[in-house]
Amino acid sequence: MSDQAVIVERPKRWDHPLEPDFREDDVQWLLRQPPFSQMDPRRFASQASLAAIIRNDSRLVRLENGDILFREGQYGGSAYLMLAGKVLIFLSSLALADERLRLRDTAKWTGMRWLKWFQMKRFKASGQGNRRRLRRTETTQQTHAKTEANAIGYRGEGSSTRVFLQDLPGVISQHSTSVVGPGEMFGEMAAVTRSPREFTAVADGECLILEIRWQGLKLLKQDPQFRKLLDERYRSEVLRTHLRETELFRFIPEENLSKIVTSARLESFGELEWYADYRRKANIDPASRIAAEPLIAEEGNYVTGLWIVRGGFARLSRRQGAGHRTLAYLGKGQFFGLRELAHNWRQESTVTPLPYQDSLRAIGYVDALCIPKNVVYDNVLPFARKDELPKLIAAPRYQFGQPTLDAPLQTTEQDVETGLLEFLVDHRIMNGRQTMVINLDRCTRCDDCVKACATTHGGTPLFERRGVQYGPWLFAQACMHCEDPVCMIGCPTGAIYRNEDDGLVQINPQTCIGCKACAESCPYENIRMVQASDLKGRAIVEQKTGLPILKASKCDFCSANGNRPACQTACPHDALVRMDMSDMEGIRKWHLRKAG
Amino acid sequence: MASAKSRLGQIRNRRNWFMLITVLAVAATVAAVQWAGNRLGNAAAITGWTLLAATAGMYLLSVRKRCIRLPVGPVSIWLQMHTYLGSFALIVFAMHVGWPIRGWFEIVLASCFTFVSFGGIWLIVLSRTLPRKLAAVKRDYRMEDIPALQAVVAREAQALAISSARLNEGATLAEYYQQRLLPFFHERRSRWYRLLPTGWTRRQLQRELIDLERYLAEAGHLRREKLSELVQAKDDLDFHSVVQSRLRFFFTLHVALTWGLVILIAVHVILVLRFQGAML
């Protein structure tokens with residue numbers, strides 16, 4: 001063994017439990033409480049027993065009156081089980097006094113920010129503005145503008161500091177809330193779907209909560225009793241909250257909303273761990289690949305209901321000649337079938353209903369909600385604003401009893417050109433929130449981006465200037481900080497996680513055990529296993545085998561540098577940009593941009 | 001995390017601002033020189049110090065590149081500033097030098113400044129035109145990967161040619177490889193190609209390979225097609241290598257001359273300050 005190497009024991013899954021000081025008598029007490037007391041311990045492997053899961057993947061959280069457990073919009077990797085007391089779920093957006101302060105403090109006055117401030121002043125003066133902001137942001141801003149910011153206070157010190165609402169009864173009176181009591185579980189959807197929290201949770205009086213991290217939750221779901229608890233909870237509360245948050249449903253009376261909740265079907269298409277299937281089918285021809293995608297609804301078929309994408313991505317396509325043409329990709333919260341349903345509802349008494357005009361297929365894995373046609377007719381459309389409903393279909397392609405019209409090659413329904421759209425979907429790049437795109441028409445191949453990355457990360461660049469190419473666009477092998485980060489699914493320790501505030505996917509080298517699960521599940525091969533070393537640069541090797549200890553490594557979006565990616569900053573020719581692939585307008589503009 | 005659309009807007013705005021500032025700076029310098037001339041002042045001192053300040057400002061690009069963590073805007077802004085400052089400096093330089101230039105040191109200094117300036121302009125032209133030529137090639141290659149890929153292509157072509165001799169279809173392909181393709185795959189491209197990379201040789205070889213079609217049977221056709229693809233691949237790699245090297249060469253030259261210029265400017269300033277009285 002070299003003197004230069006540091007010898008350690010191979011890291012194990014539960015080396016860093018969620019609560020290092022979890023007492024054994026607390027674990028035993030929890031095992032006697034429902035739902036654990038109703039679970040069958042024989043369903044769990046001996047290395048990951050029920051007691052071990054509780055001991056390592058959960059912790060007890062004690063809250064006082066008004067304490068905020070989590071906030072709407074934050075990313076979270078934990079579910080919560082109420083043990084004693086109650087928690088209030090705020091169904092309407094809650095404006096907290098520290099949010100504006102937080103926003104003001106986090107952004108430093110950099111050169112770019114001065115430029116933005118100056119532009120903003122100019123926009124305001126000319127009465128213009130960025131009208132195409134995300135709907136979510138607008139809603140939040142409107143709510144903030146309407147309501148007074150709620151006063152908050154701080155309790156405790158250091159890492160155990162808790163934020164609490166100072167006037168909880170006053171705040172409750174202004175908002176619609178629901179109550180979670182002992183034995184109930186909440187917050188699991190954000191943890192399971194790796195998406196932002198849809199509501200704010202606040203303690204109403206003293207309460208005791210068991211926080212279970214996503215890795216433990218995944219293991220607990222092996223037990224049917226636990227799965228049942230989650231399903232019941234989803235049906236009774238989460239679905240209602242989700243629908244209420246959806247723009248189209250916001251004016252629906254409670255009574256009608258209950259009918260929608262009762263009749264809605266939650267369906268899943270494809271495999272949750274879709275990366276393996278994607279790799280297998282990467283080299284087959286496009287027509288066969290699309291044909292192999294799980295079909296959610298097919299063009300020309302009778303309209304059975306309204307589909308709402310809950311998680312993952314779906315391909316909206318249309319038959320074109322002998323193949324299929326992608327029109328768009330639908331993500332969380334987007335509808336399918338609304339155009340046809342609205343058309344048929346308006347024309348119900350006069351003409352024959354139209355079938356689906358397009359097809360919807362699961363790209364990888366899709367969680368979708370289907371609200372049956374009659375329920376939509378009776379409980380959704382009558383309460384929707386007319387200007388929110390799609391226009392009548394003037395020239396339908398499919399009509400029952402009529403020949404199918406040939407789709408024109410030119411269409412105005414796409415935001416970007418067909419080839420690029422197909423490419424983004426085929427390579428699953430639409431998943432990226434910070435995709436590194438290099439315009440090769442401008443890139444002089446100076447490698448300043450790579451050098452800057454290396455400078456910022458101790459001499460080792462965290463990306464490679466190579467990858468798939470569409471025309472002059474190179475999608476470099478850098479972590480895209482995906483909308484649906486499948487790399488997180490298999491991580492046994494939670495070392496790869498989503499940052500609560502900005503949603504960036506990060507790796508904690510302290511808890512990474514080098515199991516390669518994330519690297520193998522990243523469909524874009526953007527995570528690499530590198531040899532671990534200490535601060536002095538000495539290699540860390542395993543005691544028993546003498547083999548090097550590996551750690552996962554990937555682009556961290558220069559989070560230590562205030563989320564200013566060095567690669568983008570260093571590009572002298574504005575050839576490199578980190579792009580959100582859901583920003584179709586941005587993609588279109590960037591694509592049409594001329595070199596030079 | 002600015003969106004792509006807003007970044008585009010920023011880039012356009014920035015260009016307009018820099019152009020406006022440059023025009024104003026030139027106008028201010030011309031007015032100052034005029035003003036000094038009208039009052040029998042030292043116009044050369046005004047242009048000299050302005051030129052020194054502008055040249056010093058251009059070196060800030062190097063500093064910015066080295067301090068990438070500093071939150072002082074992207075390097076592209078600094079490069080743009082460098083470019084417009086360079087244009088400004090070139091105009092001030094024309095105003096500063098006395099025509100004709102006298103003295104060997106002044107000639108060397110003026111030549112070096114001119115080389116650096118026009119080298120910079122040439123770099124702008126290259127950085128605007130060559131990336132598009134590189135992007136026109138089917139695949140992008142990283143400079144450091146090219147030698148290895150060239151070796152792989154050459155090995156593959158050789159193996160293909162040797163295997164074609166065992167097909168009982170004659171040794172046409174193997175012979176052709178020996179005579180025409182071996183130098184193409186294994187030797188460095190000619191000086192002319194490095195000066196002016198064109199697809200002439202590639203097209204010529206691919207045409208000759210098509211001409212061999214009539215002497216080949218079924219298995220030979222497949223190998224000929226594959227060889228033709230390898231010729232294309234090798235030519236693409238050579239093209240990337242030459243063009244990327246050219247960009248790097250001119251960049252290195254520009255930087256090297258820049259540091260030479262620093263020394264010459266320093267000497268010039270010392271001489272001017274030392275003999276200021278004599279000049280007056």
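Here the structure is a predicted model, which means the values were calculated and not measured. Chain A is the first sequence line, chain B the second, and so forth, proteins listed ahead of strands; every chain is numbered from 1.
Counting only heavy atoms from C-beta outward, the side chains of R142(B) and E464(A) approach each other to under 4.5 Å. Residues S76(B) and H573(A) have side chains not in contact (no heavy-atom distance under 4.5 Å, counting atoms from C-beta outward).
Of all residues in residues 444-457 of chain A, those placing a non-hydrogen atom less than 4.5 angstrom from a non-hydrogen atom of chain B are T444(A), R445(A), D447(A), D448(A), A452(A), T455(A), T456(A).
A donor-acceptor pair under 3.5 Å links the side-chain atoms of Q469(A) to the main chain of D140(B), judged by distance alone.
Highest contact tally toward chain B, considering only C443(A), A566(A), A560(A), is held by C443(A) [criterion: heavy-atom pairs under 4.5 Å].
Only the side chain of L247(B) comes within less than 4.5 Å of a heavy atom of chain A; its backbone N, CA, C and O stay farther away. Using a 4.5 Å cut-off between heavy atoms, R248(B) contacts chain A through its side chain alone, with no backbone atom that close. The part of H240(B) that comes within reach of chain A is its side chain, from C-beta onward, which places non-hydrogen atoms under 4.5 angstrom from that chain. For a residue to count as touching a neighbouring chain, one of its non-hydrogen atoms must lie under 4.5 Å from one of that chain's; by this rule K133(B) does not touch chain A.
Taking CZ of R128(B) as the reference point, atom CZ of R442(A) lies at 6.0 Å (rounded to 0.5 Å).
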Criterion salt bridge (Lys or Arg N to Asp or Glu O under 4.0 Å) on D145(B) and R465(A), from CA distance to verdict: CA-CA 11 Å; D145(B) 292 343; R465(A) 192 175 56 76; over 6 Å; no
Show your reasoning for whether side-chain contact (heavy atoms from CB on, under 4.5 Å) applies to T569(A) and R64(B). CA-CA 10 Å; T569(A) 307; R64(B) 174 70 187 103; 3.2 Å; yes
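No more than 12 heavy-atom neighbours from other residues, nucleotides or ligands sit within 6.0 angstrom of CD on E218(B).
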